[in-house]
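Each remark here refers to the structure printed beneath this line.
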Amino acid sequence: MEYNFREIEKKWQQRWVADETYKVSERADREKFYVLNMFPYPSGAGLHVGHPLGYIASDIYARYKRLKGFNVLNPMGYDAYGLPAEQYAIQTGQHPAITTEANINRYREQLDKIGFSFDWSREVRTCEPGYYHWTQWAFQKMFGSFYCNKCHSAQPIEQLVEHFEKEGSDGIDVAQSEELNFTAAEWNAMSDVNKQQVLMNYRIAYLGETMVNWCPQLGTVLANDEVVDGVSERGGFPVVQKLMKQWCLRVSAYAQRLLDGLDTIQWTDSLKETQRNWIGRSEGAEIEFKVKDSDKSFTIFTTRADTMFGVTFMVLAPESELVKELTTAEQKAAVDEYLSYVKKRTERDRISDRKVTGVFSGSYAINPFTGEANPIWISEYVLAGYGTGAIMAVPAHDSRDYAFAKHFNLPIVPLVEGCDVSEESFDAKEGIVCNSPRAGVQPYIDFSLNGLTIKEAIAATKKYVREHNLGRVKVNYRLRDAIFSRQRYWGEPFPVYYKDGMPQMIPSECLPLELPEVDKFLPTETGEPPLGNAKIWAWDTKTNSVVDCSAIDNVTVFPLELNTMPGFAGSSAYYLRYMDPHNPGALVSQEADSYWQNVDLYVGGSEHATGHLIYSRFWNKFLFDLGVSCKEEPFQKLVNQGMIQGRSNFVYRIKDTNTFVSLGLKDKYDTTPLHVDVNIVSGDVLDVEAFRKWRPEYATADFILEDGKYVCGWAVEKMSKSMFNVVNPDMIVEKFGADTLRLYEMFLGPVEQAKPWDTNGIDGSHRFLKKFWNLFWGKDALAVTDGEPSPAELKSLHKLIKKVSEDIENFSYNTSIPAFMIATNELTSLKCTKRAILEPMVVLIAPFAPHISEELWEALGHSTSICDAQWPEFNEKYLVEDTVKMMVAFNGKTRFSIEFPAGTDNATIEAAVRAHEMTPKYVEGKQIVKVIIVPGRMVNMVLK
RNA sequence: GCCCAGAUGGUGGAAUGGUAGACACGAGGGACUUAAAAUCCCUUGGCCAGAUAGGCUGUACGGGUUCGAGUCCCGUUCUGGGCACCA
């Protein structure tokens, strides 16, 4: 019987849909297991063979867990909001919803051909009102919450209001944009608008006037993770810093919990490290410096409190509010000139040329440890957004301060015994402190660090600072609050209207607030976001409904927010929605959440390390505080699948001709390499006729062949249309079948590793499936027989059970495929037809090749899906080795090995080793000292 | 600059400290065939070799630990990834 994969795969894909094979529900009698893929953005280009890699890997795991008896949730959906659909809409006028829908349908068609065990009844799309209802809801909850540093959790804002009414800002320990101080009386006297402004300082979702990454070409602001090397991640356009009023999420409040949580989850070390870097915790001290001849003072942040005696100048960030206060009249012109210079520079300029720039403010600060007056400078190397936007400069022990001091000829005072700072600064945190205070200098305070190690000096200084009220110990994080507004159309609208310039939430029972229609998807002529083009986009507070903008009277009808939410909004809690996707009354019911808990295995790309994977963890922690999610961490184990790269082919055109020369001969000519479509190349040999038809300009191309063939060059590059190296999974499925594709993708190499796609190798996987099929079939009937299997057959099977079970648990699928091949070859040469062997074989291969296994399972007489079969049990006793190998070492060297039948007793072994030693070859007049048995642990046997 | 990961044949890649190169591709040879496809068999790290027996060498480079190192330790080079005027 032929292995007709086309018929088999079509048949089972239809059967799975008809039988709802993969539909799951909460079942108290079974342990749950939640497998999740990062849901895709449905781009217009469709899927290439790289996309399904992670889906296949997780599908294998999901199917395996189900065979092991778990109730497996394996859902799929779409991250449907995104820039490409909007750009396309701007160019063509086609509504993004239409483009997105078409792309989703294409994705679904492609996915369905690969045979995944997704429960499609749980599909979510972030652009559907039923879904983004809960994105808006979460935003409103964040707006209505503040972060309490004492109880380490989000709390209702009303609690804070109550506190203000009784005690003002006294005694609060909360996350805040800036420190405000007011009494209860002052609070109670504030106007309503004023109170709202104050509360904005504490809300987890707040409207903040902050420096944002503004991308003029995209016409929108971007979050930090969307900016790479000073340009936008999408499109590569320049980004500038701009002060703008934007919605922000107080992610920074969760910095410590985001850091601590990493120790409780099974992610790769490199990904955890990336997140730790991004969060960037640093412990230090804030120390107050008084301004000379003034009652002003300011605070700096330092991690090197031990270097107080080496401060020779101070530096302010150009954007710091202190600049205006501390600039003296004489220096005003110079400072203004410098500020305008800095303003012109983009983020990119700053990164690409790091020249030392700065200007003296005219003021001096008094060092509280030495009493010296240090000049206060202004320089762009100090960042406004970190610490206090002001630093104390210790040029001897900080390379940036050093460069600045050298450039502007400022003094450098070394503080570590024996360090040489004539050429460069000494940044290391090791050594013995000296010059603190300097010898011969009258001490300003009764305090010395001399003789201590740097670590001791840091601790001692912090202690002194705290005890003498000179400042406080402080932990700073690099993690910033997330900018949550985007000036785009195709995103979730904010459920917000404006009254007296202050944002108001529309009542939660009115959610979702649906995205309005617009004529144009571009910003308005007055520079407002695209939603400014919407005619019906005002909120009527009497009817609680969206009405025409012409009705705005700012009494009962108010303008609605024109920004939309960013891409990460919809992807931050989608895993919770899959648990209960159709619930109209809640993001997820308590019952569903307490059953499915969190994602046990999450598979996706590592490029989301500082974006989605941070935001999602933050979002989930917030929902955890609210009691909506029962687990603090959303993704227990995470596997990053490596990218599949393209393997591009090249032809070599002789310059100024239409003649192409084969790879081996190209060095004899002056040639230009050109990408050629990999689909008309087979085994690096070009189909020259197809090439002539490929492009009109090549219709008359001539070729210089070698051995009658045109051999192409190749290179590994990103898989993309412009390189003509995109391989489409549909094509592979059509030619070899989905099972072959699945097997081959797993066989290519470790899931986590990036690797190039090479269609040539797929024959091996296809041949294997045919051999596997032939194990079961005679010429035209099933060849499976009953009867007792032989020890050799049992050994083959159990070796495989052991290997495959371990491999799936460890995600090393690439080594289980060879194990299947070996077992199949062994059983073929044993002419094994025994049901007791073959039936478990079918179950073992089911996660990898679901279609062929269903077909064989049915042929073996089963009426239910193989998904409900049981994973075969491994039994060690069938794996007994026939022989034991001994490595014999004497005189300090491994000399030879001998094999013995398993179970040979020591006396026999000893005799054999002695006899062996007596053979002329090994007699060297020395004593045997050790015998090491292989395999197994080393067993040393001393022979005398 | 700092942090993390890695380097094995023509290629993708296997190897609890125990015969390095499983398995697959590619290549070469052979069988079947009028021929092709399909299928099957053999060879395939390098060097030496009476091409037999076998020997030498070999996992980026240099050392070390060990009876024994691709694997563990130290140093170097290179590649990939992350962070980066973060005080």
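Letters go in sequence order (proteins before strands), and every chain restarts at 1. The analysis underlying the following values was restricted to heavy atoms, covering all of them including side chains, and did not include hydrogens, waters or symmetry mates.
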Can you see if the side chain of Asn814(A) gets near the phosphate of A14(B) - specifically, an N or O under 4.0 Å from OP1 or OP2?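 For A14(B), OP1 or OP2 has a side-chain N or O of Asn814(A) closer than 4.0 Å.
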Indicate whether OP1 or OP2 belonging to A24(B) is found under 4.0 Å from a side-chain N or O atom of Tyr744(A). no
Across the strands shown, which category fits [X] at heavy-atom distances under 4.0 angstrom: base, sugar-phosphate, nothing?
| X | value |
| --- | --- |
| Arg281(A) | nothing |
| Arg767(A) | sugar-phosphate |
| Val382(A) | base |
| Ser399(A) | nothing |
| Leu748(A) | sugar-phosphate |

Tell me whether the count of non-hydrogen atoms from other residues, nucleotides or ligands lying under 6.0 Å of CD in Glu424(A) goes above 12.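 Atom CD in Glu424(A) is not packed in, count stays at 12 or less.
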In this structure, are over 12 heavy atoms from other groups packed under 6.0 Å from Asp269(A) atom CG?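 Open.
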Using purine N1 to pyrimidine N3 plus N6-O4 or O6-N4 for Watson-Crick, or N1-O2 and O6-N3 for G-U wobble, both under 3.5 Å, which nucleotide pairs with A27(B)?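 For A27(B), the partner nucleotide comes out as U43(B), under the 3.5 Å rule.
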Using the [atom1] atom as the point on both nucleotides, what is the distance between [M] and [N], in whole Å?
| N | M | atom1 | value |
| --- | --- | --- | --- |
| A15(B) | A53(B) | P | 31 Å |
| G81(B) | G28(B) | P | 36 Å |
| U52(B) | U71(B) | P | 35 Å |

Can you tell whether the side chains of Lys799(A) and Glu826(A) come within less than 4.0 Å, N to carboxylate O? yes
Nearest-Å distance, CG (Asp684(A)) to C1' (G12(B))?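 Atom CG in Asp684(A) sits about 14 Å away from atom C1' in G12(B).
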Can the positive tip of Arg617(A) be found less than 6.0 Å from the middle of the six-membered ring of Trp267(A), inside 45° of the ring normal?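 Yes, Arg617(A) and Trp267(A) form such a contact.
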Could you tell me whether G58(B) is syn or anti, where syn means a glycosidic angle within 90 degrees of zero?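 Anti for G58(B); the angle lies over 90° from 0.
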Select one nucleotide: of U39(B), G13(B), C85(B), the one nearest the side-chain heavy atoms of Lys770(A).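 In terms of side-chain proximity for Lys770(A), the closest of U39(B), G13(B), C85(B) is U39(B).
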Taking the side chain of Tyr381(A) as heavy atoms from C-beta outward, which of C83(B), G12(B), C85(B) is closest to it?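 Looking only at heavy atoms from C-beta outward on Tyr381(A), the closest nucleotide is C85(B).
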